[in-house]
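The structure displayed is predicted, hence computed values, not measured ones. Values below: all heavy atoms of this structure, side chains included; hydrogens, waters and symmetry mates excluded. So that the names make sense, note that chain A is the first sequence line, chain B the second, and so on, each numbered from 1.
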Number of protein chains: 2
Amino acid sequence: MTESNGPQEAWAAALRAHGRRVTKQRLAVLAAVERHPHSPAEHILAAAREELPELTAQSVYVVLGDLTDLHMLRRFEPPHSPALYETRVGDNHHHAVCISCGRVEDVECAVGHAPCLTPHWDEDAKPMTIQIADVLYQGICQECQRTQKLPSNVQQ
Amino acid sequence: MTESNGPQEAWAAALRAHGRRVTKQRLAVLAAVERHPHSPAEHILAAAREELPELTAQSVYVVLGDLTDLHMLRRFEPPHSPALYETRVGDNHHHAVCISCGRVEDVECAVGHAPCLTPHWDEDAKPMTIQIADVLYQGICQECQRTQKLPSNVQQ
DNA sequence: TGTCTTATTGTGATTGATTCAAAATAAGTG
DNA sequence: CACTTATTTTGAATCAATCACAATAAGACA
């Protein structure tokens with residue numbers, strides 16, 4: 001019965017479980033991110049306003065930041081892009097971004113369950129206690145290859 | 001004899017090889033990045049001004065961007081941080097950042113030579129032609145663990 | 001060595017993404 | 001229903017980076 005009434009109830013339950021109040025702003029943001037994975041705050045605001053027109057940009061930033069801290073959302077920052085958000089959390093999947101058009105695709109963990117959680121430290125490095133490993137693939141998507149739409153400036 | 005007169009000559013040669021003019025600004029930026037790996041533009045500006053006081057922030061941004069495109073510098077963008085630059089290019093090493101203090105350490109490629117260049121695509125994903133894979137480890141460094149200086153807000 | 005071309009840098013203003021501060025609102029509790 | 005305070009809103013501010021254009025200087029060639 002956890003998700004009986006659609007994700008709406010699940011979101012609410014998760015918020016309460018984290019000691020957060022269930023507000024229409026939070027639910028609208030969560031729904032918007034669910035509908036538009038890999039979206040920046042600005043797009044999430046636009047999408048969420050479809051069901052909650054009075055929603056504020058500031059609120060979106062606060063909510064996104066808080067929910068990310070709670071691990072109810074995941075954030076990643078591709079080069080030359082604002083932060084992107086998604087509701088797919090808990091697994092350690094990674095991302096591929098097209099350096100030409102910016103398209104983002106999900107990628108399964110390449111090395112199994114815990115991807116690269118045992119890094120090979122440099123001789124002179126002071127090892128850290130690694131919590132997560134974000135892998136960001138960069139390349140050219142099929143669409144951009146076909147249309148020859150190569151990037152004007154080849155970023156790294 | 002390529003590096004006979006120190007890195008200075010090597011930088012100059014590399015710039016010419018790329019059809020770039022050898023300017024004191026470029027050399028100062030390169031030297032600054034060499035001396036301070038994993039530094040943001042602002043710090044590079046400060047460091048480069050020690051030997052070239054009249055250097056401009058704008059020039060630093062232009063030079064960093066151009067040299068990154070030429071693969072003479074490498075840029076990466078940790079979460080909640082401005083872009084960082086380093087002169088170590090050509091190998092596919094990765095980075096570990098402390099989510100508490102921001103310290104950055106170099107990490108050898110975990111999987112061998114070409115790390116995760118063969119991603120496991122999602123069923124519904126449209127595969128891209130991957131060019132590089134950036135791996136960013138996030139954790140707590142020894143220093144912060146010892147001093148119990150845990151992050152106030154646990155970012156993802 | 002001097003002149004010329006134009007790549008490069010400097011000057012000044014501007015954008016975009018995000019954050020801060022404080023007042024207004026509303027979710028949950030009793 | 002009233003109360004507490006988390007949350008949102010309002011409005012301004014910050015930081016990183018970029019744009020436009022004038023000034024400068026590196027490299028080429030006479």
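- The nearest whole Å value for the distance from the CG atom in A:Asp66 to the C1' atom in C:dT19 is 15 Å.
- Taking a 4.0 Å limit (strictly below) on heavy-atom distances, residues 23-41 of chain A reaches DNA chain D at A:Thr23, A:Gln25, A:Arg26.
- Shortest non-hydrogen contact noted between A:Gln142 and B:Pro127 is CG-O, 3.2 Å.
- When the P atom of C:dG16 is taken as reference, atom CG of A:Leu45 falls 15 Å away, rounded to whole Å.
- The distance from atom NE2 of A:His80 to atom C1' of D:dT18 is 11 Å, rounded to the nearest whole Å.
- Computed from coordinates, the B:Leu55 CG to C:dT8 P distance equals 15 Å when rounded to whole Å.
- Residues satisfying the side chain to side chain contact (heavy atoms under 4.5 Å, CB included) criterion with A:Val89, sequence neighbours excluded, are A:Arg74.
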For nucleotides 10-16 of chain D, tabulate all protein N/O to nucleotide N/O atom pairs closer than 3.5 Å, reporting atom names and distance.
none

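- In this structure, the salt bridge (charged side-chain N to carboxylate O under 4.0 Å, His left out) partners of A:Asp66, at least two apart in sequence or on a different chain, are A:Arg20, A:Arg26.
- You'll find that the side chain of B:Val63 is closest to C:dT9, out of C:dG28, C:dT9, D:dT9.
- The CG atom of A:Leu73 lies 6.5 Å from the CG atom of A:Leu64; values are rounded to the nearest 0.5 Å.
- Computed from coordinates, the B:Arg16 CZ to D:dA28 C1' distance equals 14 Å when rounded to whole Å.
- Across every non-hydrogen atom of B:Pro79 and B:Leu136, the tightest pair is CD-CD2, 3.5 Å.
- Shown here are the ring-ring contact (aromatic ring centres under 6.0 Å, His included) partners of A:His95, two or more places apart in sequence or in another chain: A:His38, A:Phe76, A:His93.
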Could you give the side-chain donor-acceptor pairs of residues 45-57 of chain B under 3.5 Å, partners two or more places apart or in another chain?
residue	atom	partner	partner atom	Å
B:Arg49	NE	B:Leu55	O	2.8
B:Arg49	NH2	B:Leu55	O	2.8
B:Glu51	OE1	B:Arg35	NH2	3.4

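- Among the atoms of the strands shown, only primed sugar atoms or phosphate atoms (P, OP1, OP2) are found under 4.0 Å from some heavy atom of B:Val22.
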I would like to know whether B:Tyr137 and B:Val97 meet side-chain contact (heavy atoms from CB on, under 4.5 Å); could you show each step before the answer? CA-CA 6 Å; B:Tyr137 301 88; B:Val97 302; over 6 Å; no

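- What separates CG of B:Leu64 from P of C:dT9 is a distance of 11 Å, to the nearest Å.
- Rounded to an integer number of Å, the gap from CD1 of A:Ile44 to P of C:dT18 is 10 Å.
- One atom, CG of A:Leu52, and another, C1' of D:dT7, lie 13 Å apart when rounded to the nearest Å.
- Counting only distance, with no hydrogens or angles, the side chain of A:Gln138 and the backbone of B:Gln131 share no donor-acceptor pair below 3.5 Å.
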